[in-house]
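See below for the structure under consideration.
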Amino acid sequence: MFSSRSGWLNRIVTLVVLFTAGVIISTRLGLPLAPPAAAIMLYGWALLLGGFAVILGIANAIRFHLARVQRGQREWLFSLILLIVFALLVGAGIATPEGTTSLISEWVFDAVLAPGQATLFALTGVFLLSAAYHFLRVDRPGGIWILAGALLMLLVQTPFLHQIVPQSLVGLVDWLLDWPVMAAMRGVLLGGALAVIFISLRLIVNSAK
């Protein structure tokens, strides 16, 4: 009895999610399936549920890392550092009336979070260089064209070399960026968006079974 009831509840939740998403998307596209006031109300509820989901995610992450620290599992020290930083940030926001605009919160952001973000961006550059070293090779099929294109973009967009190269070459690179490259990037973004939509629909349908 419990499994059948759970199945019906999953189907009802799936229908509510699909209806809400359809109303919001149709309103954004200018083809409203419901009055604008109802669409705005559903959108507000979706934002509220999203914020509640973020809170649940934070609570789950805290529980997971607390358990790792208590059990002394592998890399428990990183979990402890994460919990300390989280406690500092939340405490700095609660301890002062200004909240996130207080001097303590700004100091925590500048001293803790900003260096972490800079480290992540630096790692992104390292990963890009590693990928370029492995894939931008002349001996690979088509590698010489990819390498030539990458060097051409760096040649034109580097401030020092930008003053040396001919303007005709700069115009050619600008044309490539505005038309073929932009068309390819839009295709990639569109394909990624469609993939996210299909995966979301698949997860929703599977959860209703």
Side-chain angles (χ1 to χ4, degrees), residues 1-68 71 73-76 78-79 82-83 85-86 89-90 113 116-117 119-121 123-132 134-136 140-143 146 149-150 177-209:
M1 180 181 297
F2 179 78
S3 60
S4 61
R5 182 180 300 177
S6 178
W8 279 108
L9 286 177
N10 290 336
R11 292 184 178 89
I12 293 174
V13 172
T14 301
L15 290 176
V16 171
V17 171
L18 291 176
F19 174 76
T20 304
V23 170
I24 295 174
I25 293 175
S26 63
T27 304
R28 296 292 181 179
L29 296 177
L31 302 171
L33 298 177
I40 293 174
M41 181 181 64
L42 290 175
Y43 185 70
W45 286 356
L47 291 178
L48 181 62
L49 291 176
F52 184 69
V54 171
I55 295 175
L56 287 180
I58 294 174
N60 185 45
I62 293 175
R63 182 184 63 83
F64 173 78
H65 289 284
L66 277 176
R68 175 183 283 184
R71 297 171 184 172
Q73 296 177 350
R74 183 180 179 183
E75 297 182 352
W76 65 270
F78 296 106
S79 298
L82 176 64
L83 293 174
V85 172
F86 178 78
L89 187 60
V90 174
L113 296 181
Q117 293 177 352
T119 304
L120 290 178
F121 281 116
L123 289 176
T124 302
V126 173
F127 292 149
L128 289 176
L129 290 177
S130 177
H134 285 90
F135 293 101
L136 296 182
R140 290 180 176 270
I146 300 176
L177 291 175
D178 292 338
W179 294 95
V181 176
M182 183 58 66
M185 287 300 300
R186 288 178 177 176
V188 171
L189 293 176
L190 181 60
L194 291 176
V196 170
I197 293 174
F198 291 148
I199 293 174
S200 302
L201 291 176
R202 182 178 179 181
L203 291 175
I204 292 174
V205 172
N206 289 336
S207 65
K209 293 181 179 180

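All heavy atoms count here, side chains included; hydrogens, waters and symmetry mates do not.
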Review point. Is the number of heavy atoms from other residues, nucleotides or ligands under 6.0 Å of Met185 CE greater than 12?
Key: no
Review point. If only atom types and distance count, is the side chain of Ser200 paired as donor or acceptor with the main-chain N or O of Val196 below 3.5 Å?
Key: yes
Exercise for review: Calculate, to the nearest 0.5 Å, the distance between atoms CG and OG1 belonging to Leu120 and Thr124 respectively.
Suggested key: 6.5 Å
Check your understanding: Between CZ of Arg68 and CG of Leu82, what distance do you get to the nearest 0.5 Å?
Key -> 9.5 Å
**Study point:** Value rounded to 0.5 Å, distance of CZ in Phe64 from CG in Leu83
**Key:** 11.0 Å
Sequence neighbours left out, cut at 3.5 Å: what donor-acceptor pairs do the side chains of residues 19-28 make with other protein atoms?
residue : atom : partner : partner atom : Å
Thr20   : OG1  : Val16   : O            : 2.8
Ser26   : OG   : Gly22   : O            : 2.8
Ser26   : OG   : Val23   : O            : 2.8
Ser26   : OG   : Leu31   : O            : 3.4
Ser26   : OG   : Leu33   : N            : 3.4
Thr27   : OG1  : Val23   : O            : 2.7

Check your understanding: Who pairs with Leu177 by side chain to side chain contact (heavy atoms under 4.5 Å, CB included), at least two apart in sequence or on another chain?
Key -> Met153, Gln157, Val173, Val181
Review point. Can you name the side chain to side chain contact (heavy atoms under 4.5 Å, CB included) partners of Ala38, sequence neighbours left out?
Key: Ala34, Pro35
Check your understanding: Which residues pass the side chain to side chain contact (heavy atoms under 4.5 Å, CB included) test with Val13, sequence neighbours left out?
Key -> Val17
Study note, to complete from the structure: To the nearest 0.5 Å, atom NE2 of His65 lies from atom CZ of Phe78 at 12.0 Å
**Study point:** Test side chain to side chain contact (heavy atoms under 4.5 Å, CB included) applied to Arg74 - qualifying residues, sequence neighbours left out
**Key:** none
Can you give me every donor-acceptor pair (side chain of residues 43-63, partner residue at least two apart or in another chain, under 3.5 Å) with its distance?
residue : atom : partner : partner atom : Å
Asn60   : OD1  : Arg63   : NH2          : 2.8

